[in-house]
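All values below come from the heavy atoms of this structure, side chains included, with hydrogens, waters and symmetry mates left out. Every chain is numbered from 1, with letters handed out A, B, ... down the list of sequences.
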2 protein chains.
Amino acid sequence: MRNRRSDVVSAALQVLDAHGLEHCTMRRVAAELGVQASALYHHVPDKQTLLAHMADEIVRDVRGESPAILCRSLRAALLAVRDGAEVVATASAFRLGASDVEARLAEMVGGDGARTLLLYVFGQAQATQTQLQAYALGALPGPARRDPAGEAAQGFDRGLAIILAGLGR
Amino acid sequence: MRNRRSDVVSAALQVLDAHGLEHCTMRRVAAELGVQASALYHHVPDKQTLLAHMADEIVRDVRGESPAILCRSLRAALLAVRDGAEVVATASAFRLGASDVEARLAEMVGGDGARTLLLYVFGQAQATQTQLQAYALGALPGPARRDPAGEAAQGFDRGLAIILAGLGR
DNA sequence: ACCTGAACACCGTTCAAGT
DNA sequence: ACCTGAACACCGTTCAAGT
């Protein structure tokens, strides 16, 4: 079948989005490509590295002119793929495969501000994805929500406003 | 050997602290108790539930009179056990086994403020633990740090100050 | 009530061997 | 260069059977 590393990363992202991180195994990714699991090791040294490449891809097109827009763009990118926040957060340990983003933020609000914003965006996105999944599975305490995704987005903006206010913006 | 559930949770925490979350398996916990893995299922329905009990235990004695003290107490509790931040964060999906803590914070700074602070504390603690581990393993970019744990604590306080300022405190 | 022993359906990774 | 097939050392979980 003659695959390239980019094919492996694409297949992995497809499996991730379809089945979630828990089931995104080397064997499943290989099956998606019609290949044995051992064949993947020709393109990638181990699973951790594959996850890092996936994280880079998820975050590739993040950009924005202001801190708020940049943070919303990052959040959108993380939420666009199932378990995207968890993959990017743990693969890069908050140092961001695209540490471009941290550098851009740091120019605008300083190092501590950038770090605080980033930790908030990752945490909020991860919590949102976990909750939306729990919601989709049916069992969630409290009254039924009409638009959980919209509520999460509003909650995100309110927290973002708090931090930006603390940064004098 | 006649164990109770509390024995299982204690053994699991011991394995976690000694070997990390990655190696905290049902089989290892069982071995710690001198028992077969299948015996654990007499005390706990599955691994996820065991992790939730561990999270509750990690966070049990968190308290404080002000938002800042409460956040520092939570951070200290998460850092006291290897991979503690990750265990508590994912086991409770930021809803906190001790959602006491969230409720206490919400009284003081409102719901959005509490949530923002909590997301920050978890994110910072998780990143700190990952970095300290990388540091302990030797390979880390940049110049050598004299007191990485102390630097992390200072970084934490600066981010905390930003958020509290945004909350008018 | 608590535990054993064996099994089931999986993992990530390695490695000789094929083309 | 890219892949197969088999193996190794593991997983979480179930279940009949023992005491």
Side-chain angles (χ1 to χ4, degrees), chain A residues 1-56 82-83 86-88 90-93 130 133-134 137 139, chain B residues 1-56 82-83 86-88 90-93 130 133-134 137 139:
Chain A
M1 172 155 282
R2 303 287 120 144
N3 291 291
R4 313 174 170 288
R5 183 160 76 188
S6 59
D7 298 322
V8 174
V9 175
S10 297
L13 283 169
Q14 205 161 313
V15 173
L16 177 69
D17 200 43
H19 305 286
L21 182 57
E22 191 187 357
H23 298 110
C24 187
T25 65
M26 299 297 271
R27 286 168 141 98
R28 281 239 203 180
V29 173
E32 180 77 22
L33 290 167
V35 122
Q36 292 298 116
S38 51
L40 298 184
Y41 291 85
H42 215 272
H43 302 99
V44 120
D46 52 31
K47 187 180 182 179
Q48 201 186 144
T49 304
L50 175 55
L51 284 166
H53 286 297
M54 294 162 69
D56 286 347
R82 161 118 86 131
D83 291 335
E86 193 175 347
V87 168
V88 178
T90 72
S92 50
T130 312
Q133 252 167 253
L137 288 178
Chain B
M1 171 161 280
R2 302 287 122 145
N3 291 293
R4 312 175 174 286
R5 184 159 76 187
S6 60
D7 298 323
V8 174
V9 175
S10 297
L13 283 169
Q14 206 161 311
V15 173
L16 177 69
D17 200 44
H19 304 287
L21 182 56
E22 192 187 358
H23 298 111
C24 187
T25 65
M26 297 299 270
R27 286 168 139 99
R28 281 238 202 179
V29 173
E32 180 78 23
L33 290 166
V35 121
Q36 293 296 116
S38 51
L40 300 184
Y41 291 86
H42 215 273
H43 302 99
V44 120
D46 52 31
K47 189 181 182 181
Q48 201 186 145
T49 304
L50 175 55
L51 285 167
H53 285 298
M54 294 161 71
D56 286 346
R82 160 119 87 131
D83 291 334
E86 191 174 349
V87 168
V88 179
T90 72
S92 50
T130 312
Q133 254 168 253
L137 288 177

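- L51(A) is listed as a side-chain neighbour of L21(A), based on a closest heavy-atom distance under 4.5 Å.
- Partners of A39(A) under the side chain to side chain contact (heavy atoms under 4.5 Å, CB included) rule, at least two apart in sequence or in another chain, are V35(A).
- In this structure A18(B) satisfies the side chain to side chain contact (heavy atoms under 4.5 Å, CB included) test with no other residue, sequence neighbours excluded.
- Partners of S38(B) according to the side chain to side chain contact (heavy atoms under 4.5 Å, CB included) rule, which considers only residues two or more places apart in sequence or in another chain, are Q36(B).
- For the pair A11(A) and V29(A), the tightest heavy-atom approach, listed with the atom from each and the gap, is CB-CG1, 4.2 Å.
- A straight line from CD of Q36(A) to P of dT13(C) spans 16 Å, rounded to a whole angstrom.
- A donor-acceptor pair under 3.5 Å is absent between the side-chain atoms of D83(A) and the main chain of G20(A), judged by distance alone.
- Every residue two or more places apart in sequence or in another chain that forms a side chain to side chain contact (heavy atoms under 4.5 Å, CB included) with R5(B) is listed here: V9(B), H43(B), V44(B), H53(B).
- Listed by chain and residue number, D46(A) satisfy the side chain to side chain donor-acceptor pair (under 3.5 Å) test with T49(A) (two or more places apart in sequence, or in another chain).
- Residues from residues 7-26 of chain B lying near DNA chain D, meaning a heavy-atom separation below 4.0 Å, are T25(B), M26(B) in numerical order.
- As rounded to whole Å, 13 Å separates atom P of dG12(D) from atom CD of Q48(B).
- Minimum heavy-atom separation, C24(A) to M54(A): SG-CE, 4.1 Å.
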Problem - Under 4.0 Å protein heavy-atom contact, by nucleotide of nucleotides 14-19 of chain D - B base, S sugar-phosphate only - result: BB----
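- To the nearest angstrom, P of dC3(C) lies 8 Å from CG of L33(B).
- Rounded to an integer number of Å, the gap from K47(B) NZ to dC11(D) C1' is 8 Å.
- For dA1(C), the OP1/OP2 oxygens have no side-chain nitrogen or oxygen of H43(B) closer than 4.0 Å.
- Residue pairs satisfying the side chain to side chain donor-acceptor pair (under 3.5 Å) criterion with at least one member in residues 7-16 of chain A, sequence neighbours excluded, are listed as follows: Q14(A)-E32(A).
- Counting all heavy atoms, side chain and backbone alike, L16(B) lies closest to R82(B) at CG-O, 3.4 Å.
- For the pair D46(A) CG and dC11(C) P, the computed distance is 17 Å after rounding to whole Å.
- Comparing the same atom, P, in dA9(C) and in dA9(D) gives a spacing of 22 Å after rounding to whole Å.
- Protein atom CZ of R5(B) is 12 Å distant from nucleotide atom P of dC2(C), rounded to whole Å.
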Handout entry: Base-pairing string, 5' to 3', of DNA chain C - Watson-Crick or wobble, under 3.5 Å, | interstrand
Key = ||.|||||...|||||.||
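- Across the protein-nucleic acid pair, R4(B) atom CZ and dC2(C) atom C1' stand 12 Å apart, rounded to whole Å.
- The interatomic distance linking R27(B) (CZ) with dA7(C) (C1') rounds to 11 Å, in whole Å.
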